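Predicted, not measured: the structure shown is a model, and the values here were computed from it.
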Amino acid sequence: MIPIVESPVLSEVQGSSSIADGVERRLDPRVVDLERTIGWIVTAVVSAGLFFAGVITLIAARSMPGWAMAAVVIVWLAVTALLAWWLQRWPTIYYRYASYVVDAEGIEIRLGVVWRTVTNVPRSRVQHTDVSQGPLERRFGLGTLLIHTAGTDAAVVVLHGLAHETALAIRDHLLPRGGADAV
């Protein structure tokens, strides 16, 4: 079994050691904080929507008994609390099961907690690569690697949760050498 290491340090990415060393790596640990921040945003939006739906229900049913009004409030609180708990706990679980390996042949991505997938992308199938950063990813110093491959099924492979510098290094490694088309 290949030992899993944390994401490479910046010195490795900048050239003192190759990113393509065949070592299985975890995503950047900051991805847990990013996903938790997204979780708080999702919880706030869903909770606000449920709150307004509950208020509209209470207004529409003015003659609703007191126990029914209490039930609406209790359901709203329970759903909000459960969603908040789940969206704060899940990123840690997901992080534990997400890893990748970059070697001379390409990249292998392992994702999934319940349904696990292993995606292998050989360098010979890479058409082009992109690295993107949304505003929250930029705040946490993370990036998303998009690998466009030849083929129709899963033609775009996405790996989010990488340090931005790591994503750039992997992108540069996967690009075809010598200017020739990869396909």
Give a yes or no on whether R139 atom CZ has more than 12 heavy-atom contacts from other residues, nucleotides or ligands under 6.0 Å away. no
So how far is it from [X] [atom1] to [Y] [atom2], rounded to the nearest 0.5 Å?
X: Y95; Y: D28; atom1: OH; atom2: CG; value: 7.0 Å
X: E165; Y: I19; atom1: CD; atom2: CD1; value: 11.0 Å
X: W86; Y: I93; atom1: CH2; atom2: CD1; value: 5.0 Å
X: L87; Y: T37; atom1: CG; atom2: OG1; value: 11.5 Å
X: L145; Y: I109; atom1: CG; atom2: CD1; value: 7.0 Å
X: H160; Y: L111; atom1: NE2; atom2: CG; value: 8.5 Å

Does a side-chain heavy-atom distance below 4.5 Å link [X] with [Y]?
X: L175; Y: V126; result: no
X: I107; Y: L159; result: yes
X: T92; Y: E35; result: no
X: T144; Y: L162; result: no
X: V32; Y: Y94; result: no
X: R123; Y: H173; result: yes
X: V121; Y: L174; result: no
X: L83; Y: S47; result: no

V75 with I59, same ILVMFWY side-chain cluster at under 4.5 Å: yes
Hphob cluster co-occupancy, W90 + W40, side-chain heavy atoms under 4.5 angstrom: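 Different clusters.
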Worked check of side chain to side chain contact (heavy atoms under 4.5 Å, CB included) between T80 and T43: CA-CA 7 Å; T80 298; T43 301; 4.2 Å; yes
Minimum heavy-atom distance R30-G141, with the two atoms named: NH2-O, 3.5 Å
